[in-house]
Amino acid sequence: MEAVRGVSDSGDGTAADALIADVDSIRTVEWQDGTVVMIDQRRLPLEEVYLHCRSWQEVADAICTMAIRGAPALGVAAGMGMALAARAALCDSAGEPGRFRDAVQAASKGLFETRPTAYNLPWALKEMERIWARDDITPAEIVGTMEQRALEIYEDDLASCRAIGEYGADLIQGERPVILTHCNAGALATAGYGTALGVIRSVHARNPRLHVLADETRPLLQGARLTAWELTREGISTELITDNMAGYFMSRGAITHVVVGADRITANGDVANKIGTYSVSVLARENGIPFFVAAPFSTVDRSLADGSVIPIEERDPSEVTGFGDVNWAPSGVQVRNPAFDVTPARNVTAIITDRGVAFPPYEESLRRLEGS
Ligand code: MRU
């Protein structure tokens with residue numbers, strides 16, 4: 001996998017200069033003629049470096065190590081990874097359908113096993129399986145159709161985020177709204193524009209007095225590194241806080257709305273999202289603050305009745321005992337590191353999707369939107 005230093009709008013490729021830039025200049029993940037190019041999110045905001053993945057295994061590695069992350073972006077990357085797998089399988093199998101299908105199936109399994117919680121990833125793999133499982137077209141035709149579908153998933157996600165932004169902006173009223181967000185559900189977590197940050201961008205376009213509080217989001221600091229980077233470079237008024245400050249600001253009336261993204265939403269409206277989201281939802285409920293979840297419909301898994309059965313990823317202890325090269329915990333200490341938690345539907349004021357806004361009871365409203 002080749003890493004290439006990018007050139008930012010400032011010309012020197014660093015993010016230190018707080019320039020005002022447009023969201024469209026954030027290139028999260030792209031298909032460039034047989035290569036999946038993605039910004040390496042592990043290195044943001046200090047360096048803008050692009051990875052060039054030329055095999056599905058390199059895409060899988062980028063997902064596991066979180067060079068790319070965020071539920072919709074994982075779906076897009078998985079789709080493109082499968083398109084790479086199909087190209088390679090066509091070559092390796094010399095066009096023999098059985099061997100071609102076995103190789104593509106192995107890639108699908110490999111990508112499926114990268115990260116378990118975000119539903120967009122298996123959703124995208126299923127979309128691709130509908131193509132590679134066909135026996136009425138040749139392997140060469142399957143390759144072309146899979147590439148086309150991967151690009152559609154990308155384009156659809158961009159359009160979904162714009163729609164989510166507009167639906168969400170209708171819900172955020174007030175002269176000077178102050179929105180708290182957790183983790184990064186921005187352009188970097190999607191094909192572009194973002195879900196929670198899509199709502200924030202759309203509100204800001206209507207009301208520049210909007211202010212945002214960004215939770216830093218331990219342990220991997222997606223809020224501090226990514227959300228703060230996205231919003232400040234666009235000139236959206238933002239303050240960074242540590243996770244444990246949210247209750248303080250809520251209790252003082254300094255937060256008017258919470259907007260977060262989602263990794264998986266079950267039939268009853270329970271929401272898996274970045275660890276810490278549940279705590280924020282409890283604080284919001286205690287303080288009477290509306291708690292909105294923004295996600296495309298590809299995050300909704302109506303095959304699961306409720307959040308208790310969502311697979312929750314546990315990550316490496318080193319993410320909790322330190323960061324980068326710094327270690328602050330005693331060696332040998334036992335660690336727990338669940339990457340996500342589940343916010344019960346009762347704490348969610350509304351779910352903002354690309355198909356419209358779902359209100360409680362979610363069983364009914366999500367079913368209605370799925371059929372729309
Ligand atoms: O572990 P991550 O960084 O992939 O977790 C990301 C989140 O939890 C996001 O809030 C979620 O995927 C929604 S992104 C639009």
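First listed ligand is number 1; within each ligand, the first listed atom is number 1.
By the 4.0 Å heavy-atom criterion, A262 is counted among the residues contacting ligand 1. Proximity of C183 to ligand 1 is established by a heavy-atom distance of less than 4.0 Å. Heavy atoms of E313 come nearer than 4.0 angstrom to ligand 1 in no pair at all. The closest approach between a heavy atom of M66 and any atom of ligand 1 is below 4.0 Å.
The hydrophobic cluster around V23 extends to Y193, counting ILVMFWY residues whose side-chain heavy atoms fall within less than 4.5 Å of a member.
Distance OG1/T242 to OH/Y248: 12.0 Å, rounded to 0.5 Å.
If you check which protein heavy atom lies closest to atom 5 (O) of ligand 1, you get K274 CE, 3.3 Å. Of the protein's non-hydrogen atoms, the one nearest atom 14 (S) of ligand 1 is A189 CB, 3.4 Å. In this structure, atom 15 (C) of ligand 1 lies nearest to the protein heavy atom T195 OG1, 3.1 Å. The nearest protein atom to atom 12 (O) of ligand 1, hydrogens excluded, is given as A71 N, 2.8 Å; this is a heavy-atom distance. Shortest contact from atom 10 (O) of ligand 1 to any protein heavy atom: N273 OD1, 2.7 Å. Distance from atom 6 (C) of ligand 1 to its nearest protein heavy atom, with residue and atom name: R69 NH2, 3.5 Å. What sits closest to atom 7 (C) of ligand 1 on the protein, heavy atoms only, is D263 OD1, 3.2 Å.
Checking R233 against S25 by side-chain atom types alone, a donor-acceptor pair falls below 3.5 Å. A donor and an acceptor atom, one from each side chain of N184 and R69, are located under 3.5 Å apart. In the model, S298 has a side-chain atom that pairs as donor or acceptor with a side-chain atom of N120 under 3.5 Å.
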Exercise. Would T343 and N273 count as a side chain to side chain contact (heavy atoms under 4.5 Å, CB included) if you check the C-alpha gap in whole Å, the side-chain angles of each, and the deciding distance to 0.1 Å?
Worked result: CA-CA 8 Å; T343 296; N273 193 50; 5.9 Å; no
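Scanning for side chain to side chain contact (heavy atoms under 4.5 Å, CB included) contacts around L84 gives W31, V36, V59, with sequence neighbours left out.
When each atom of ligand 1 is checked for a heavy atom of R115 under 4.0 Å away, the hits are 1 (O), 2 (P), 4 (O).
Using a cutoff of 4.0 Å between basic side-chain nitrogens and carboxylate oxygens, R201 and E234 are scored as salt-bridged.
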